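Notes to accompany the following structure.
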Amino acid sequence: MSGSGVVSCKPGEREPSHLAHDLVITAVATVAFVLLSLPVHWSFDFWAEAGPAWIAYFAVGVLLCVYVLLAFLRATRTLLHHAHEEAPRGRP
């Protein structure tokens, strides 16, 4: 990473700090997903009778959350990298 705060790696590459940041953001978002998905907000009115159904719901939700967030962060980093490459060089 350069001193200007702009990503200097190519779109397909990942620096260790990027991976660490992505994993922290994903972990926080996953915890938020689980907390918001718990039926405690509705006084357990929507709690299913089948426990395995809720386990499957949370497992699939966590996997989707991790996949979507990592894909979004990678796409955003690629877009910002391309925008930086196309920016005029005369401006800071």
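Since this is a predicted model, take the numbers as computed values, not measurements. If you read the sequence from its start, that first residue is 1, and numbering goes on from there.
- Residues passing the side chain to side chain contact (heavy atoms under 4.5 Å, CB included) test with Y67, sequence neighbours excluded: none.
- For the atom pair L64 CG and L69 CG, the distance stands at 10.5 Å (nearest 0.5 Å).
- Side-chain contact between D22 and R77 is present, with at least one heavy-atom pair separated by less than 4.5 Å.
- Note that CG of L73 is 11.0 Å distant from NE2 of H18, once rounded to the nearest 0.5 Å.
- Of all the heavy atoms in S37 and F58, the pair that sits closest is CB-CE2, 3.5 Å.
- When the side chains of ILVMFWY residues are joined at heavy-atom separations under 4.5 Å, either directly or via intervening members, L63 and I55 end up in two distinct hydrophobic clusters.
- I25 CD1 to L70 CG: the interatomic distance, rounded to the nearest 0.5 Å, is 9.5 Å.
- Taken together through direct or relayed side-chain contacts under 4.5 Å among Ile, Leu, Val, Met, Phe, Trp and Tyr, F33 and L35 form part of one hydrophobic cluster.
- When the side chains of ILVMFWY residues are joined at heavy-atom separations under 4.5 Å, either directly or via intervening members, Y57 and V34 end up in a single hydrophobic cluster.
- Partners of F72 by ring-ring contact (aromatic ring centres under 6.0 Å, His included), not counting sequence neighbours: none found.
- Screening T78, L79, L80 for a side-chain contact (heavy atoms from CB on, under 4.5 Å) with T76, the sole residue that qualifies is L80.
- One hydrophobic cluster, built from ILVMFWY side chains closer than 4.5 Å, cannot hold both L36 and V28; they sit in different ones.
- Residues meeting the side chain to side chain contact (heavy atoms under 4.5 Å, CB included) test with A75, sequence neighbours left out: none.
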